[in-house]
Amino acid sequence: MYIYDSVKKEKREFIPLKEGKVSLYVCGPTVYDDAHLGHAKSALVFDLLTRVLRANGYDVTYARNITDIDDKIIKKAQDQQKEIKEITDFYTDSFHAEMAALGVKRPDIEPKATESLEAMFAMTQKLIDTDHAYRTEEGDVYFDTASDSEYLSLSHRVQDEDERQERVVSSSLKRNPADFALWKSVKDDSITFDSPFGKGRPGWHLECSAMIEKHLATDDAPYAIDIHGGGADLLFPHHENEAAQTRCSSNHALANYWMHNGFVNINGEKMSKSLGNSFFLKDALKEYDGEVLRFYLLSTHYRSNFNFNTEDLSTAKKRLDKIYRLKKRLFGLAVNREKTEFQEQLLKLLSDDMNISAALALIDEMITVANETLDTAGKHKLLKRETIANLAYIEELLGFGVKNPYEYFQFGVDDATKEKLAALIAQRDAAKKEKNFEESDRLRDAILAFGVNLMDTPAGTFWEKV
RNA sequence: GGUGCCAUCGCCAAGUGGUAAGGCCGCAGCCUGCAAAGCUGCUAUCCCCAGUUCAAAUCUGGGUGGCACCUCCA
């Protein structure tokens with residue numbers, strides 16, 4: 001297994017801290033709004049990673065947090081006059097539902113900030129005790145970046161001279177502009193949490209470090225966890241700060257490997273609230289099968305920036321369709337788990353920093369060979385058995401082709417339409433039988449008008465939603 | 001301004017020193033009553049310039065063009 005380490009900036013052979021085991025932590029969503037395609041990309045990438053690691057025999061513990069304390073959440077709660085929990089539960093539930101639609105498996109651990117406050121207090125206290133953090137007159141607790149000689153070693157940033165020299169600006173009582181909050185004191189009567197440092201809210205960066213210590217870290221290793229992942233934008237400052245907190249409050253560095261997934265843009269532009277081009281998953285899932293979105297978002301290497309557009313999406317669907325059509329040809333035959341050369345090669349390609357393009361090329365090749373053989377020698381027992389095993393392997397490793405192939409091709413078609421189509425097809429079959437091709441072609445046009453494709457096969461006539 | 005990433009067929013996209021994967025689109029053909037699906041065949045010398053090398057898309061230097069991050073952000 002090889003992984004590109006985005007901190008060391010090179011592809012490295014993956015060697016776990018503990019033989020046979022992998023601890024993985026990924027920064028999850030802040031649940032104050034609906035998830036967009038970027039959240040989906042990140043979740044999909046690390047879902048694939050865990051599948052590949054497990055296929056390689058590793059015992060993986062995968063944690064992805066839910067940030068349920070945040071100024072934006074609090075603001076929304078205040079605006080809508082709701083309890084903070086009402087907001088976070090709502091968006092957490094929809095996040096889970098949408099991830100399920102994408103075939104993203106639930107992480108083993110899903111820690112929430114609200115359930116990890118004690119761990120955050122402990123870490124903050126430790127940092128204060130060791131002079132890596134300080135309290136201001138206003139009651140805030142800041143991490144003292146100057147106290148960490150390795151600060152910025154993660155993102156390889158060079159601290160600006162002016163920035164370093166800059167003195168405390170107006171309201172802030174920070175010693176250094178780069179210092180970040182571990183605990184933000186809140187004096188008004190808005191939503192706060194009690195802590196040994198007074199009423200307030202925890203800093204965002206603190207949450208991940210504390211959760212990792214609480215749920216995943218092993219003390220006798222040089223790193224708390226094997227792999228830390230997240231979106232490319234999190235490297236600085238979020239991960240930099242996380243790493244600093246952990247380094248200064250424990251006897252280990254945070255993570256041995258760092259993985260950052262590329263961004264999803266819409267028509268060449270970054271998704272953002274201000275541009276008004278955020279593409280929410282809930283909207284995408286109304287129009288497209290979750291598995292099509294999964295296939296599309298995973299079809300480009302995880303580190304590349306991804307330019308979402310509907311043309312490429314439909315191209316991706318056509319590629320996924322091929323898997324399902326082959327599945328249709330073998331529908332009803334007994335599933336088996338026979339090991340094949342193809343499976344070995346597929347895993348090898350995905351184990352090379354998740355080379356999805358090479359993996360998909362291999363799959364297409366397998367499909368073509370299978371179709372070709374089925375065309376010419378329909379009774380090929382061994383090939384059928386192996387192909388079924390290969391498709392099952394693709395389902396497990398990549399999560400592609402997991403649905404019933406007939407239902408897959410009926411996405412978004414209501415029952416009334418299905419009945420109409422069935423009736424029209426029956427009429428057309430009858431006309432064909434009488435060799436009344438004028439009538440059968442007329443009926444075909446009527447069927448195609450429903451936005452479906454028609455295909456005559458030895459097993460009968462079937463339609464597919466285009 | 002600082003730091004970093006990228007530039008491969010009409011589109012998407014692998015390959016990172018040994019002579020260009022795959023998908024979509026297109027064209028021709030097989031199959032089909034005709035289609036659809038499936039199959040076969042055809043389609044690029046890798047942004048520009050210079051260099052290193054027996055050999056470069058792949059390394060080095062210089063251009064040009066795009067993008068990201070710089071303390072809200074997957």
Side-chain angles (χ1 to χ4, degrees), chain A residues 6 9 11 26-30 32 35-46 64 70-72 145 152 155-163 177-181 203-205 229-238 240-241 260-265 268-274 278 296 299-301 303-307 309 311-322 325-326 328-329 349 355-365 367-376 432 435-438 440-441 444-445 447-448 452-457 461-464 466:
Chain A
S6 43
K9 294 184 183 296
K11 203 188 271 186
V26 175
C27 295
T30 300
Y32 72 100
H36 55 59
L37 293 171
H39 296 106
K41 172 82 180 176
S42 179
L44 283 164
V45 163
F46 292 103
R64 184 187 60 210
D70 180 86
D71 288 353
K72 287 194 276 279
T145 51
L152 298 182
S155 56
H156 307 291
R157 292 170 54 82
V158 182
Q159 197 156 40
D160 194 270
E161 279 300 310
D162 299 334
E163 197 175 60
D179 294 354
F180 54 91
W204 173 46
H205 313 299
D233 59 326
L234 296 181
L235 178 56
F236 186 85
H238 186 52
E240 185 74 59
N241 293 352
H260 290 93
N261 63 274
F263 256 52
V264 178
N265 297 328
E269 279 187 316
K270 181 177 169 169
M271 260 189 286
S272 77
K273 284 268 157 69
S274 53
S278 290
Y296 177 43
S299 67
T300 294
H301 189 85
R303 272 187 282 121
S304 307
N305 282 334
F306 190 95
N307 188 25
N309 62 78
E311 293 75 33
D312 292 346
L313 174 65
S314 64
T315 295
K317 179 184 180 299
K318 285 176 189 171
R319 213 170 178 182
L320 179 59
D321 286 352
K322 286 164 40 154
R325 291 213 184 89
L326 179 58
K328 260 179 157 177
R329 292 187 82 166
L349 292 171
N355 189 337
I356 190 73
S357 293
L360 292 180
L362 184 72
I363 288 172
D364 281 321
E365 194 180 296
I367 291 172
T368 297
V369 170
N371 273 325
E372 188 183 2
T373 313
L374 289 170
D375 278 354
T376 54
K432 276 179 66 180
K435 300 216 186 293
N436 184 351
F437 296 125
E438 202 175 305
S440 74
D441 288 351
R444 179 168 59 199
D445 288 343
I447 293 165
L448 263 40
V452 302
N453 258 342
L454 250 205
M455 39 199 64
D456 296 323
T457 78
T461 301
F462 299 101
W463 59 269
E464 293 181 354
V466 179

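Values reported hereafter were calculated over all heavy atoms of this structure, with side chains retained and with hydrogens, waters and symmetry mates removed. Below, chain A is the first sequence line, B the second, and so on; all start at residue 1.
Distance check on atom C1': U32(B) versus G38(B) gives 11 Å, rounded to whole Å. Nucleotides A57(B) and C46(B) place their C1' atoms 4 Å apart, quoted to the nearest Å. Rounded to the nearest Å, the gap between the C1' atom of G65(B) and that of U19(B) is 28 Å. Spacing between A36(B) and A28(B) at atom P, rounded to whole Å, works out to 13 Å. Distance check on atom P: C47(B) versus A13(B) gives 15 Å, rounded to whole Å.
Judged by atom type and distance alone, D441(A) reaches the base of G33(B) through a side-chain donor-acceptor pair under 3.5 Å. You'll find a donor-acceptor pair under 3.5 Å spanning the side chain of R444(A) and the base of C34(B), going by distance alone.
The base-pairing partner of U3(B), taking Watson-Crick or G-U wobble contacts with both distances under 3.5 Å, is A68(B). Applying the Watson-Crick and G-U wobble criteria (two distances, each under 3.5 Å), A28(B) pairs with U40(B). A20(B) is unpaired under the Watson-Crick or G-U wobble criterion, no partner having all donor-acceptor distances under 3.5 Å. The partner of A74(B) is absent, by the rule that a Watson-Crick or G-U pair needs both atom distances under 3.5 Å.
Distance CZ (R157(A)) to C1' (U71(B)): 8 Å, rounded to an integer number of Å. Rounded to whole Å, atom C1' of C72(B) lies 12 Å from atom NE2 of H39(A).
In this structure, Y296(A) and F306(A) have perpendicular ring planes: the angle between them is above 60°, well past the 30° mark.
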